[in-house]
Peer 1: 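Quick one: the structure is below, questions incoming.
These values consider heavy atoms only, across backbone and side chains, with no hydrogens, waters or symmetry-generated copies. To find a chain, count down the sequence lines: A is the first, B the second, and so on, and within it residues start at 1.
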Amino acid sequence: MDSKKDFFQDVFEVVRLIPKGRVTSYGAIAKYLGAAKSSRVVGYAMNASHSEKKYVPAHRVVNRNGMLSGKHHFQSPTAMQEALEKEGINVKNDVVVDFKKLFWDPSKELL
DNA sequence: AATGTGACATACC
DNA sequence: TGGTATGCCACAT
């Protein structure tokens with residue numbers, strides 16, 4: 001809320017709030033932060049997530065299609081999928097299974 | 001200061 | 001039904 005802070009920090013906060021076994025989309029986070037049009041910046045924030053000292057479950061953040069678009073930016077291209085499967089989320093062909101069911105909308109769940 | 005870039009999203013052809 | 005185009009906004013150089 002304090003706009004003086006980095007946008008990234010807000011994104012990280014929300015991402016950390018994602019319950020285990022759930023996923024969300026960049027657009028949802030952006031919207032929750034009041035920057036629905038900054039969905040790209042959300043993804044950019046994840047890119048800087050490795051810069052954060054605290055761990056950011058970026059693997060729980062996928063694109064609108066539920067596709068692991070950012071898996072390539074992880075330690076390994078498979079790290080994201082494995083991390084999701086570890087939490088009970090099935091991933092097929094780089095896409096979250098039942099994405100709609102597992103979708104966690106901060107503006108609704110966190111309401 | 002200006003230009004480039006991107007882990008998206010939406011619209012249009 | 002799928003690729004192309006554009007918007008969008010914060011960060012990097």
Peer 1: For a quick check, with a 4.0 angstrom heavy-atom cut-off, what is the B/S/- contact string for nucleotides 6-13 of chain C, read 5' to 3'?
Peer 2: -BBBSBS-
Peer 1: Does A/Asn93 reach the main-chain N or O of A/Val95 with its side chain, forming a donor-acceptor pair under 3.5 Å?
Peer 2: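 Flag not set: sc A/Asn93 to bb A/Val95 has no pair under 3.5 Å.
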Peer 1: Under a 4.0 Å N-O cut-off, is there an ion pair linking A/Arg60 with A/Glu87?
Peer 2: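 A salt bridge is present here (some side-chain N lies under 4.0 Å from a carboxylate O).
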Peer 1: Is the backbone N or O of A/Asp105 less than 3.5 Å from a side-chain atom of A/Thr24, with the two atoms forming a donor-acceptor pair by type?
Peer 2: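 Not a single qualifying donor-acceptor pair exists.
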Peer 1: Quick check: closest heavy atoms across A/Ser25 and A/Asn63, and the distance to 0.1 Å?
Peer 2: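 Taking every non-hydrogen atom into account, CB-O, 4.0 Å.
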Peer 1: Does the side chain of A/Gln81 reach to within under 4.5 Å of the side chain of A/Asp94, using non-hydrogen atoms?
Peer 2: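 When only atoms from C-beta onward are counted, A/Asp94 and A/Gln81 do touch, with a gap below 4.5 Å.
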Peer 1: For atom NE2 of A/His50, is the number of surrounding heavy atoms from other residues, nucleotides or ligands below 6.0 Å larger than 12?
Peer 2: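 More than 12 within 6.0 Å, yes.
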Peer 1: Charged N to carboxylate O below 4.0 Å: is that the case for A/Arg16 and A/Glu52?
Peer 2: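 Looking at A/Arg16 and A/Glu52, the cut-off is met.
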Peer 1: Where along residues 54-82 of chain A does a heavy atom come under 4.0 Å from DNA chain B, residue by residue in number order?
Peer 2: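 Per residue number, the list reads A/Ala58, A/Asn63, A/Arg64, A/Ser69, A/Gly70, A/His73, A/Phe74.
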